[in-house]
Amino acid sequence: MTRPSSDPTGDAGNFVRERIADDVAAGRHGGRVVTRFPPEPNGYLHIGHSRAILLNFEMAREFGGRCHLRFDDTNPAAEESRFVEAILADVRWLGCDWGEHLYYTSDYFEPLYGYAEELIGKGLAYVCDLSSEQIREHQGTLTEPGRPSPFRERPIAENLELFRNMRAGAYAPGARVLRAKIDMASSVLPMRDPILYRIVAQPHHRTGDAWPIYPMYDFAHPLSDAIEGITHSLCTLEFQDHRPLYDWLIEHCSVPHRPEQTEFPRLNLSHTVMSKRWLRRLVDEGHVSGWDDPRMPTLSGLRRRGVPAAAIRNFNAALGLTRRNLTVELARLEHAIREELNRSAPRRMAVLRPLRVVIENFPEDETLEFDAVNNPEDPAAGTRKLPFSRVLYIERDDFLEDPPKKFYRLAPGREVRLRYACLLRCESVVKDASGEIVELRCTWDPESRGGNAPDGRKVGATLHWVSAVHAHPAEVRLYETLFSAEDPMRQAAAEGREQSDYLNPASLTVLHDCRVEPSLADVVAGTALQFERLGYFAADPDTKPGTPIFNRTVTLRDEWAKLQRRG
RNA sequence: UGGGGCGUCGUCUAAUGGUAGGACAGCGGCCUUUGGAGCCGUGUGUGGAGGUUCGAAUCCUCCCGCCCCAGCCA
């Protein structure tokens, strides 16, 4: 089996791939491979889902099969069509193509109902009148067996009649359920007469009020897989206990095909959460601007932040796939993002916190133009012109009146290079009444046009800059992790505290007074760029023509920041 | 506690009875018109104890630890 070319390490394993290869070699399922990604449309997809999406689509691609996209919409109380739309867009964005194979579990409500009647007819399912609480009481515990429902031995004909009445809408929610008749003493809890159908009085996003009863996941999923001819039903580890039930249903219903379930671990990322419940709370309580807030681990959030889909694909491929639970360090994702953007993002000049520089020996009305390389990693990206004049802005962080050791940037009397422009010396500092530095008086070396002096003298640093009169104002949004804790859910549980206790108050910083080079005035939303020496940024959808807004996707690796952190 | 699953550097992952290797992170250095990128160097990591074997991360036994299951959610 050849590995995907996107796998940068080449040795990250994947036990699912091995298993499928075995099946194909042994001719199981007629040698076919059909997978499916089955999201519930009750929220947005997050990076954890990307693992499942890419695994399913990639396995189908590698083995010449196909992958279905199936919305698992069996709970109308939770699901909405706006989530369907968002999920479709996110899966497509990741580069996955389901072709004609877009399905909904709700497409199968009729055949599923038929399978339920079949089970009743075989004496393998019964209508139970116990309340929710009573069912729980009869359920037993981890160590004690359950007790049979008093309705367990109901005659087949009566079960059939009651179930048909359920379908006809004759009963109130909670009044009755359909249960499989399996084994109340099983050590596998999902086998203790699991509920197959319940009554729900909620309109469904696709079937409206057509159905008063809805199948449970455990019932609908294996049978939907069978209906679609799925060969490899890949799901997460917590469903391992459900596999006996999955197999039981396939065994006892007259299905056209026998799919098999294989479980793999969920992907966890440090400094964030993958729980839809937690993510929903962040949205509902206004801690973020929405499901697509650039701080969210959702695919929509990552996309808005500027993360390329290729980075997410490479990130997953490099991770490999074993049966062990995993929590991947955020640094690993950031690495994949930088790797991708380094090769693809055009470089631009942007000053986030402007400090005014006046070049005393440069004429008032003159403008020079210097050539700047668009992407040193990609010669084909060409060059552009940068205007240069007497008054410039540089980054406030790039000047220190009293520089410590290892600060190589500008200081009084010191010379640095302005990227692509010239050498610049700081002659004096101008302060306002409160003592704050408001301006630097500098001189340039006219012989150093382009950046090098004829005498070959060296400088300690190269700074980014923009020309004051030519630069365009912009807003820049800086992001840090949404949570300060490495594993906020675990920590909250351990310490008995709230989600909000672990939010990072510095997760968003908005800079309103930035200056960007003129070529960025009409940047198109979604454009990914590197601001030289600062990081990778992407134009936000809030950007309007002439008023650019940028999101910082990720910083550049920063040796100076690291030294400062170390103290 | 009954059942299911899993234990290899800080993190992720190779080695499928034969030299414990890679990536990320960290640390040190080289190079540099991005303190970017790139390059070089840097590790007593097989949960523990026994056993089998010429040889064990790998096979066996026991122990320890972690994750999941008691929704009319998926």
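Reminder, nothing fancy here: chain letters follow the sequence lines and each chain counts from 1.
Atom CZ of A/Arg281 is surrounded by more than 12 heavy atoms from other residues, nucleotides or ligands within 6.0 Å.
Aromatic rings of A/Phe163 and A/Tyr113 (six-membered ring for Trp) have centroids within the 6.0 Å cut-off, being under it. Ring pair A/Tyr536/A/Phe531: centre-to-centre distance not below 6.0 Å. The aromatic ring centres of A/Phe239 and A/Tyr246 sit 6.0 Å or more apart.
Shown here, B/rU42 forms a base pair with B/rG26; the pair counts as Watson-Crick or G-U wobble because both key distances fall under 3.5 Å.
A salt bridge between A/Arg147 and A/Glu137 is absent, with no side-chain N of the basic residue lying under 4.0 Å from a carboxylate O of the acidic one.
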Distances under 3.5 Å only, N/O to N/O: pair up the protein atoms with those of nucleotides 38-40 of chain B.
none

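Among the heavy atoms of the strands lying under 4.0 Å from A/Ile135 is at least one base atom, whether or not backbone atoms are also near.
Between the side chain of A/Glu329 and the base of B/rG10, a donor-acceptor pair under 3.5 Å is found. Checked by distance alone, A/Arg324 brings no side-chain donor or acceptor within 3.5 Å of a matching partner on the base of B/rG5.
B/rC59 and B/rU8 are spaced 15 Å apart, taking the P atom of each and rounding to whole Å.
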- Task: List the protein contact pattern of nucleotides 63-71 of chain B with one symbol per nucleotide (5' to 3'): B for base contact, S for sugar-phosphate-only contact, - for none; contact means a heavy-atom distance under 4.0 Å.
- Result: ----SBBBS
